[in-house]
Protein chains: 2
Amino acid sequence: MGTDIPTPPWRKQRRAGPVRQPLTQEVIVATAVRVLDGEGLEAVSMRRVAQELGTGAASLYAHVSGKEELRELMLDAVFAEVELPEVDPSRWQEQLKELAREVRRVYTSHRDIAKVSLGLIPTGPNLLAVAEVQLALMRAGGVPPSIAGLAVDTFGMYLDADAIEDTIYVGRTPPGEDPWEHFQERFEQIRAFMKALPVDRYPHIVGMVDDLTGGSGDDRFEFGLEILIRGIASYVPDADADP
Amino acid sequence: MGTDIPTPPWRKQRRAGPVRQPLTQEVIVATAVRVLDGEGLEAVSMRRVAQELGTGAASLYAHVSGKEELRELMLDAVFAEVELPEVDPSRWQEQLKELAREVRRVYTSHRDIAKVSLGLIPTGPNLLAVAEVQLALMRAGGVPPSIAGLAVDTFGMYLDADAIEDTIYVGRTPPGEDPWEHFQERFEQIRAFMKALPVDRYPHIVGMVDDLTGGSGDDRFEFGLEILIRGIASYVPDADADP
DNA sequence: TTTTATAGACGAACGACGTTCGTGTCAAGT
DNA sequence: ACTTGACACGAACGTCGTTCGTCTATAAAA
């Protein structure tokens with residue numbers, strides 16, 4: 001072996017701390033989701049994720065092509081939490097509804113992740129799995145293929161849009177404030193604003209403020225869901241749409 | 001009058017060019033919409049708009065509170081182009097559809113402006129005007145107030161989501177390339193990708209690639225629109241939903 | 001008319017962003 | 001023992017939204 005001299009002091013220490021867990025795509029995505037849950041989608045920047053990992057932003061680019069890809073990977077990772085049902089043809093409509101509620105549950109438990117989904121053709125394995133079950137359910141219920149093909153699209157659009165709508169003011173709550181309180185405050189402002197509108201120009205809006213602001217998020221979701229399923233079911237040949 | 005001496009040369013010229021049109025909120029919003037139409041929503045930055053106006057970004061803040069407000073103002077300005085129908089109670093369903101198509105026309109003629117709308121409670125005069133007509137039509141058709149209140153929300157969500165979905169790849173076309181060509185190319189990639197999927201895991205998707213990618217944007221829109229209107233109409237008491 | 005007040009325009013600067021480049025370092029292959 | 005290649009990472013570039021202090025041109029007051 002060579003002479004065992006001490007490392008020259010001008011050759012600076014290789015590392016301050018111990019070597020972190022080796023960077024992989026999985027830990028990057030998992031960390032990004034953690035930041036998402038804690039601070040919202042806007043806060044998920046390359047730098048922020050890297051910081052959480054104790055490294056620099058540039059290090060991420062070896063495992064992820066960029067921010068866009070990271071966001072898609074986050075979406076797919078989140079969709080892994082969606083519990084998929086065993087297809088029971090006799091309950092296809094109810095199962096479709098349950099699946100929708102399940103997706104909504106996962107969406108709303110991850111802040112504004114739904115923003116990533118809208119305007120994105122699903123390619124991740126978990127996203128595809130959900131689409132697969134949707135198609136299976138509709139085909140089992142006798143929905144024609146062409147209709148089912150359109151319906152998955154519409155279905156996804158609805159889920160995305162609803163989840164985004166749900167997170168409007170939650171996402172904009174200033175840090176440190178109670179999101180629910182902030183939401184209620186804003187909501188009351190909107191009500192007051194609408195009531196103060198000129199009655200001659202907006203008679204229906206002014207007269208229906210309570211109806212417009214009445215329903216909770218769940219009511220709105222169930223309303224649209226009901227309409228959607230009924231509409232899809234109405235395309236099943238030789239069967240009554242509504243019981 | 002004072003002595004007509006020439007301006008001292010050390011007092012530098014007040015202005016290089018002639019005085020621009022005085023900055024107002026209107027011209028700022030109009031300019032922003034122009035940038036939107038030409039380069040997409042992403043390109044609409046404070047600096048970019050200011051540059052177009054021949055000034056600096058800071059100058060805009062005297063007329064607009066920030067980027068968020070500018071985007072809302074842009075949305076409302078665009079909605080001014082929506083032509084509103086005279087309410088004819090006997091044709092309320094058809095008129096609701098026509099209104100939806102009209103909104104879609106305006107949306108798609110302004111790139112990805114729809115992204116601004118989703119997750120935003122409408123407060124601008126033109127946005128409210130559209131909501132007002134929607135409510136008027138539904139009430140004229142006998143839709144109960146509580147249902148109509150929910151439906152405007154769902155209706156808006158649908159229009160927003162559809163418009164966004166429409167502009168996925170158009171918005172991401174690299175500058176200088178033909179958007180349509182780029183779209184077709186991407187579309188073919190997706191088809192090939194889906195066909196190459198493992199059949200045992202995604203049997204329906206693989207078997208229905210043509211159905212999933214078959215419908216045009218217009219088909220998808222009309223499909224969802226039909227379902228939506230039918231669903232709303234089904235809540236009209238003492239009347240058959242479908243003729 | 002002269003002075004003062006004020007609204008608005010604007011350059012510079014701050015901090016944060018996504019991404020690229022060049023360099024450094026370690027471990028496996030030869 | 002030497003080479004090679006993958007990857008970590010600091011620094012830098014150009015962009016973003018927004019704020020600050022200053023300056024000017026006009027309107028109001030004297």
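Here is the naming used below: chain letters follow the sequence lines, and residue numbers restart at 1 for every chain. What you are looking at is a predicted structure, and each value in this text was computed from that prediction instead of being measured. All values below come from the heavy atoms of this structure, side chains included, with hydrogens, waters and symmetry mates left out.
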Q. What integer distance in Å separates A:Arg71:CZ from C:dT19:C1'?
A. 16 Å
Q. Only one of A:Leu225, A:Val103, A:Leu150 clears side chain to side chain contact (heavy atoms under 4.5 Å, CB included) with A:Phe155; which?
A. A:Leu225
Q. Would a 4.5 Å heavy-atom cut-off, applied to side chains only, mark A:Arg191 and A:Leu212 as touching?
A. no
**Q.** A:Glu69 atom CD, over 12 foreign heavy atoms within 6.0 Å
**A.** yes
Q.
Are more than 12 heavy atoms, taken from residues, nucleotides or ligands other than A:Glu42, located less than 6.0 Å from that residue's CD atom?
A. no
Q: Figure out the CD/P separation between B:Glu42 and D:dG17, and round it to whole Å.
A: 11 Å
Q | Listed nucleotide nearest any side-chain atom of A:Ser59, set D:dA8, C:dA9, D:dT18 | A | D:dA8
Q) Counting only heavy atoms not in B:Gln189, do more than 12 fall under 6.0 Å of its CD? A) yes
Q: Send over the distance from A:Gln25 CD to D:dC7 P, rounded to a whole Å.
A: 12 Å
Q) If you check every side-chain atom of B:Tyr61, which of D:dG17, C:dT20, C:dA9 has the closest atom? A) D:dG17
Q) When the distance from CD of A:Glu68 to C1' of C:dT19 is rounded to whole Å, what number comes out? A) 14 Å
(Q) So A:Ala57, base contact, sugar-phosphate only, or nothing? Heavy-atom distance under 4.0 Å. (A) base
Q. Roughly how far apart are B:Tyr107 OH and B:Leu75 CG, rounded to 0.5 Å?
A. 5.5 Å
**Q.** Rounded distance in Å - CG (B:Leu70) to P (D:dT18)
**A.** 10 Å
Q.
If you only use heavy atoms from C-beta on, which nucleotide in C:dA12, C:dA9, C:dT20 is closest to the side chain of B:Ala58?
A. C:dA12
(Q) Is any side-chain heavy atom of B:Glu222 closer than 4.5 Å to one of B:Arg101? (A) yes
Mind listing the N/O atom pairs, protein and nucleotides 13-16 of chain C, below 3.5 Å?
residue : atom : partner : partner atom : Å
C:dA13  : N6   : B:Arg47 : NH2          : 3.3

Q: Rounded to the nearest angstrom, tell me the gap between atom CG in A:Leu60 and atom P in D:dA6.
A: 19 Å
**Q.** Separation of D:dC16 P from B:Lys67 NZ (nearest whole Å)
**A.** 9 Å
(Q) Below the 4.0 Å mark, does D:dA6 have OP1 or OP2 next to a side-chain nitrogen or oxygen of A:His63? (A) no
Q. Quick one: which of D:dA8, C:dG18, C:dA12 gets closest to the side chain of A:Met46?
A. C:dG18
